[in-house]
Asker: 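Here it is: the structure, laid out below.
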Amino acid sequence: MIRVEKVSLKHGSTPILHDISLDIPKGGITALIGPNGAGKSSLLSLIARLQPLQTGKISIEGYPVDTTPNRDLAKIIAILRQDSIVTSRLRVRELVGFGRFPHGRGRLTEEDQRIIDQSLQQFDLTDLAGRFIETLSGGQRQRALVAMAFAQGTDYLLLDEPLNNLDMYFARELMRSLRKIADGKGKTVVIVLHDINQAGVYADRIVAMKSGRIIADGPPSELLTPETLHAIFGFGMRVETIDGIPIVVHLR
Amino acid sequence: MNTAARQKPSPIGLAAGFVLAVLVMLSLFVGVIDMPFRRVLSDAEALELLLISRLPRTLAALLTGSGLAIGGLIMQTLARNSYVEPSTAGTAQSAELGVLLVTLLWPSANLFIKSIVATTTALVGTSVFLMTAHRLPPTQPFLVPLFGIVYGGVIGAAVTFVAWQADLLQYLSVWTNGDFSGVLRGRYELLWAAAAMLVVAWMIADRLTIMAMGRDASIGLGIDYSRMLQLGLVIVSVISALSTVIVGMIPFVGLVVPNIVSRLMGDNLRGTLPVVAMSGAILVLGCDILGRLIRYPYEIPVGTVMGCVGGVVFLWLLFRRPAHA
């Protein structure tokens with residue numbers, strides 16, 4: 001379980017997060033939604049100990065993120081930031097292989113190789129394995145980064161807008177893969193999404209943030225109502241139920 | 001990710017090893033005193049020349065060349081910018097400042113103490129550079145080397161000013177322009193400490209590769225980022241301070257060698273480190289041999305030769321390189 005208790009964050013004098021408390025139990029997909037600047041990425045990077053905690057407590061499986069050794073946390077939690085830029089000339093397979101670093105500190109076992117192969121295959125990168133990252137398109141690069149986070153093989157996976165640059169096919173593939181590891185392997189996925197319908201279809205729970213606060217929290221069927229959505233995003237939209245799943249029509 | 005590289009050496013690595021071996025033989029037998037190979041075996045005087053002068057000089061060039069190339073590579077990794085190297089980012093200038101100050105304040109200090117002081121000032125100077133470089137926007141990759149050049153220039157100006165005030169300007173060129181002609185047995189052995197740094201770099205190669213992906217990726221993969229940053233700084237500072245004190249500054253090695261190897265082989269340091277080290281040694285030893293031959297029997301300092309050769313290679317790199325840093 002990820003436990004966030006009374007966390008606040010300020011950049012200088014600008015408040016980013018106000019007194020956030022949130023429990024994310026083990027297993028399932030939790031989607032973080034909300035307008036730009038709501039504090040979603042900040043919350044994610046605090047959970048992943050990429051920023052120092054200012055006030056409050058965060059723990060994963062009972063390990064406090066601010067005092068647990070980094071190398072131990074790297075086996076429990078993996079994060080993909082939205083602004084990951086890899087300028088190094090690495091081949092796709094090498095990059096994905098570095099996802100295994102926390103386990104063997106650089107030495108790759110047969111098991112590691114198998115996991116790397118599997119991650120490559122899962123994101124349709126097998127044919128690109130020998131290519132340098134810089135020669136890939138934005139979407140292919142994004143898939144390689146997600147594959148690297150997958151290869152890390154942690155129980156908790158934090159993804160900050162992983163659908164950026166992905167076409168419809170691979171966006172769907174990624175969400176299905178996440179669903180598969182959540183259901184099949186009991187992994188816990190926390191994902192920042194801007195496509196509200198991806199959240200509605202694939203997530204078990206949606207947490208909506210606005211101005212540094214959590215303003216709604218619940219399963220898609222409860223949360224995706226015109227009233228709640230208006231409160232989050234500031235405009236009215238229709239919600240239709242198709243095959244039992246709420247679909248938000250937000251284009252008009 | 002690198003089992004292939006570990007199991008069989010790459011063709012590039014083999015070629016580099018071969019060229020290096022040829023250059024070492026050349027270096028041992030090129031000099032003012034003509035010394036054919038067979039005389040070494042029969043003539044005690046020739047053997048002594050080899051052991052006191054030619055061999056130390058060759059080893060010094062190998063150690064300096066590989067050290068500077070690796071120093072440049074690590075600097076580029078830490079700054080996440082492929083256009084910086086210790087001699088253009090204040091490291092070498094800070095080392096000069098240190099060795100100048102110790103010469104002024106403690107004239108009887110030996111080479112060892114001078115090296116320690118130079119390493120310390122290099123460490124401080126490089127830390128200031130890196131802290132500033134990490135604050136510059138990553139969207140402007142040329143700001144980092146530009147800042148480095150200005151920063152190194154300011155420290156270099158301070159060095160010149162102090163030397164001028166103390167009437168040590170002539171002495172200064174010993175450190176600002178690399179030259180192997182003064183290297184004799186007993187005067188270069190500290191450079192083996194730079195070789196020790198190469199071993200350390202090899203041991204942390206995977207971590208350095210990850211650090212080149214940035215702080216967040218490093219922390220995410222369980223690396224103690226600030227500790228590794230410090231270790232990298234120590235490696236860079238020791239290597240460039242030692243080579244500044246013992247040989248003098250040699251420009252461009254740390255810049256062109258890692259960039260060429262990166263073009264050819266990528267940035268997975270586990271595989272490329274040995275090639276970078278060997279290529280640095282080739283470049284420096286080659287330039288030293290060239291300096292001995294151009295106006296034989298006189299010598300041109302390796303720093304000057306490298307200034308020309310390195311500059312041309314760097315321009316070539318800039319023009320053929322696709323537009324990204």
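Each chain gets a letter, A, B and so on, in the order the sequences are listed, and its residues count up from 1.
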Asker: Could you check if a side-chain atom of Met265(B) sits within less than 4.5 angstrom of a side-chain atom of Arg89(A), using non-hydrogen atoms only?
Answerer: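 With C-beta onward as the side chain, the pair stays apart.
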Asker: In this structure, are over 12 heavy atoms from other groups packed under 6.0 Å from Tyr63(A) atom OH?
Answerer: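 Incorrect, the count does not exceed 12.
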Asker: Does the pair Asp206(B) and Phe98(A) meet the rule for a side chain to side chain contact (heavy atoms under 4.5 Å, CB included), with working shown?
Answerer: CA-CA 8 Å; Asp206(B) 284 330; Phe98(A) 277 112; 4.0 Å; yes
Asker: Can you say whether Leu50(A) sits under 4.5 Å from chain B via the side chain, the backbone, both, or neither, judging by heavy atoms?
Answerer: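 Both backbone and side chain.
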Asker: Pull out the residues in residues 211-222 of chain B that come under 4.5 Å of chain A, heavy atom to heavy atom, sorted by number.
Answerer: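 Residues in range: Ala212(B), Met213(B), Arg215(B), Asp216(B), Ile219(B), Gly220(B), Leu221(B), Gly222(B).
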Asker: Give me the atom names and distance for the closest heavy-atom approach of Asp267(B) to Thr87(A).
Answerer: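 Looking at all heavy atoms of both residues, the closest pair is OD2-O, 4.5 Å.
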Asker: CD of Gln121(A): more than 12 outside heavy atoms within 6.0 angstrom?
Answerer: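 Incorrect, the count does not exceed 12.
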Asker: Could you check whether atom CZ of Arg227(B) has more than 12 heavy atoms from other residues, nucleotides or ligands sitting under 6.0 Å from it?
Answerer: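 No, CZ of Arg227(B) has 12 or fewer neighbouring heavy atoms, counting only those of other groups under 6.0 Å.
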Asker: Please round to the nearest 0.5 Å and tell me the distance separating atom CD1 of Ile210(B) and atom CG of Leu95(A).
Answerer: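 Ile210(B) CD1 to Leu95(A) CG: 10.0 Å, rounded to 0.5 Å.
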Asker: Which region of Arg91(A), side chain (C-beta onward) or backbone (N, CA, C, O), has a non-hydrogen atom less than 4.5 Å from a non-hydrogen atom of chain B, or is it both or neither?
Answerer: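 Looking at Arg91(A), just its side chain touches chain B.
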Asker: Could you tell me whether the side chain of Asn268(B) reaches within less than 4.5 Å of the side chain of Leu90(A), counting heavy atoms only?
Answerer: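 In contact.
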Asker: Using a 4.5 Å cut-off on heavy atoms from C-beta on, say whether the side chain of Ile223(B) contacts that of Phe101(A).
Answerer: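 Contact flag for Phe101(A)/Ile223(B) side chains = yes.
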